[in-house]
Q: 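For reference, the structure I am asking about is given below.
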Amino acid sequence: MEHLTYPNESPEYRKARNALLAEEMALRRQIEAVAAQRRALPPGGEVPEDYLFERIGANGMPEQVEMSKLFGRHPTLILYSFMYGPERDVPCPMCTHLLDSVNGGARHVGQRASLYVVAKSPIARLVAWARERGWSHLQFLSTAGNRYTTDYFGDTSKVPGAIRKAWGMKDGENYDETMFNVFRLDHGTVRHFWGSELTWAPQEPGQHHRSGDAVNALWGLLDMTPEGRGQFMPKLAY
């Protein structure tokens with residue numbers, strides 16, 4: 001294949017760039033292969049209960065809604081666990097900047113699946129933060145005291161002991177954590193399809209435990225630069 005040539009580039013640059021291009025093509029194939037493997041997963045476990053959440057209804061007032069009613073016109077439901085529990089003065093900056101990115105895609109995701117952001121704080125607090133950030137395309141749910149966040153690892157309370165030890169968690173210490181979970185409505189039965197377990201996987205040297213890079217434009221943009229991501233951590237304001 002004859003590749004592109006930029007003005008005044010050296011032969012050394014072109015050789016290195018061509019080698020990198022081959023790796024980028026291989027990475028694209030791997031990403032597509034992993035996505036196909038994910039789609040081929042067998043049916044997941046049935047949810048243990050029809051969790052009751054709180055949201056803002058069509059009349060602008062808080063209302064309770066069962067998980068089974070969240071699917072709308074689609075058989076697929078995506079829930080993102082947002083680290084903004086009532087014990088936090090402000091939301092997690094990393095979760096917040098991820099949702100900054102997801103907000104833009106949410107209007108399109110709605111054509112294929114239902115998407116909600118879930119947190120333990122009261123619904124009024126979640127909606128107030130969404131308005132401050134300008135998240136006009138995201139829908140929020142409060143757990144309203146249900147066990148969803150615990151059962152589907154949006155917090156640390158059911159994380160296995162070996163993981164707790166590896167993370168250096170103290171006995172009795174628990175907090176909320178970022179987590180994507182996808183569910184399917186199958187002939188009236190809600191089943192778990194996939195969760196972002198990469199959050200809880202062993203951390204390899206030099207690797208962060210984050211698991212939402214595929215939906216986060218920030219990291220993709222920084223990965224294009226000579227400086228890369230470095231140790232940059234997004235803030236709530238600059």
Side-chain angles (χ1 to χ4, degrees), residues 38-39 41-88 91-92 95-96 98-99 102-103 105-131 133 135-159 174-197 199-200 211-212 215:
R38 183 182 299 115
R39 293 192 299 270
L41 285 169
E46 182 177 348
V47 298
E49 61 182 274
D50 199 2
Y51 300 102
L52 193 65
F53 296 96
E54 190 173 48
R55 68 180 177 185
I56 298 298
N59 62 358
M61 298 294 291
E63 66 178 15
Q64 292 189 323
V65 58
E66 296 92 347
M67 185 180 191
S68 59
K69 301 298 192 300
L70 296 174
F71 289 81
R73 57 194 175 94
H74 303 291
T76 300
L77 170 67
I78 305 169
L79 297 183
Y80 173 68
S81 292
F82 180 32
M83 297 169 64
Y84 191 19
E87 75 284 354
R88 292 180 180 270
C92 167
C95 291
T96 297
L98 184 147
L99 290 177
V102 171
N103 177 65
R107 64 190 303 177
H108 306 290
V109 171
Q111 304 303 309
R112 301 274 293 178
S114 294
L115 170 65
Y116 286 87
V117 179
V118 180
K120 293 182 179 181
S121 282
I123 190 63
R125 191 182 194 216
L126 300 177
V127 171
W129 182 249
R131 288 173 179 163
R133 298 297 295 190
W135 293 337
S136 57
H137 302 298
L138 294 177
Q139 302 180 83
F140 284 79
L141 299 170
S142 171
T143 57
N146 70 34
R147 288 187 52 81
Y148 168 78
T149 298
T150 295
D151 290 344
Y152 288 94
F153 302 105
D155 67 26
T156 61
S157 55
K158 283 182 62 177
V159 170
N174 286 297
Y175 49 85
D176 48 6
E177 186 54 77
T178 181
M179 190 76 177
F180 283 94
N181 280 290
V182 182
F183 299 88
R184 291 282 290 179
L185 184 60
D186 182 16
H187 298 95
T189 298
V190 179
R191 293 185 176 277
H192 186 246
F193 169 72
W194 175 85
S196 55
E197 296 177 32
T199 295
W200 302 107
S211 58
V215 297

Q: To the nearest 0.5 angstrom, please state how far the CE atom of M179 sits from the CD atom of E197.
A: 6.0 Å

Q: Distance from D176 atom CG to C95 atom SG, nearest 0.5 Å?
A: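 One gets 7.5 Å once the value is rounded to the nearest 0.5 Å.
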
Q: Any side-chain heavy atom of R55 sitting closer than 4.5 Å to one from Q139?
A: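 With C-beta onward as the side chain, the pair stays apart.
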
Q: Does the gap between the ring centers of F193 and F183 come in under 6.0 Å?
A: no

Q: How many angstroms lie between atom OH of Y148 and atom CZ of F53, to the nearest 0.5 angstrom?
A: 6.5 Å

Q: What I'd like to find out is whether the side chain of L99 reaches to under 4.5 Å of the side chain of F82, using heavy atoms alone.
A: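 Counting from C-beta outward, L99 and F82 do come under 4.5 Å.
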
Q: Would a 4.5 Å heavy-atom cut-off, applied to side chains only, mark R73 and Q111 as touching?
A: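 With C-beta onward as the side chain, the pair touches.
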
Q: I need the Q64 CD to S142 OG distance, nearest 0.5 Å.
A: 9.5 Å

Q: Do V159 and E177 touch side chain to side chain, with heavy atoms closer than 4.5 Å?
A: no

Q: Taking the side chain as C-beta and beyond, is there a heavy-atom pair between T178 and C92 under 4.5 Å?
A: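 T178 does not reach C92 side chain to side chain.
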
Q: Report yes or no: does N181 contribute a side-chain atom to a donor-acceptor pair with the main-chain N or O of Y152 at less than 3.5 Å?
A: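 Present.
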
Q: So how far is it from L115 CG to T76 OG1, rounded to the nearest 0.5 Å?
A: 12.0 Å

Q: Report the distance from atom OG of S121 to atom CE of M83, rounding to the nearest 0.5 Å.
A: 12.0 Å

Q: Looking at Y51, is its backbone amide N or carbonyl O close enough to the side chain of N146 to form a donor-acceptor pair, meaning the two atoms are under 3.5 Å apart?
A: no

Q: Please name all residues satisfying side chain to side chain donor-acceptor pair (under 3.5 Å) with H74, sequence neighbours left out, ordered by chain then number.
A: none

Q: In the structure I gave you, are the side-chain heavy atoms of H137 and V109 within less than 4.5 Å of one another anywhere?
A: no

Q: Do V65 and L70 come close enough that some side-chain heavy atom pair is under 4.5 Å?
A: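 V65 vs L70: side chains touch.
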
Q: Closer than 3.5 angstrom, by distance alone: can the side chain of N103 be matched with the main-chain N or O of S136 as a donor-acceptor pair?
A: yes

Q: Looking at residues at least two apart in the chain, or sitting in another chain, which of them share a side chain to side chain contact (heavy atoms under 4.5 Å, CB included) with T150?
A: R147, D155, S157, K158

Q: Under 3.5 Å, is there a donor-acceptor pair between the side chain of H192 and the main chain of W194?
A: yes

Q: For the residue pair F153 and T199, establish whether any side-chain heavy-atom pair is separated by less than 4.5 Å.
A: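 No - every pair of side-chain heavy atoms lies 4.5 Å or more apart.
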
Q: I'd like to know if the side chain of T149 reaches the main chain of G154, judged simply by a donor and an acceptor atom lying under 3.5 Å from each other, with no hydrogens or angles considered.
A: no

Q: For the side chain of D50 and the backbone of S68, is there at least one donor-acceptor N/O pair under 3.5 Å apart?
A: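 It does hold such a pair.
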
Q: Checking R191 side chain against G44 main chain: does a donor-acceptor pair fall under 3.5 Å?
A: yes

Q: For residues D151 and P48, report the shortest heavy-atom separation together with the two atoms involved.
A: OD2-CG, 3.8 Å

Q: Side chains of R125 and Y84: any donor to acceptor distance under 3.5 Å?
A: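 Looking only at side-chain atoms, R125 and Y84 do form a donor-acceptor pair, the distance falling under 3.5 Å.
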
Q: Using a cut-off of 6.0 Å, state whether more than 12 heavy atoms not belonging to R107 lie near its atom CZ.
A: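 It does not: R107 CZ has 12 such atoms or fewer within range.
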
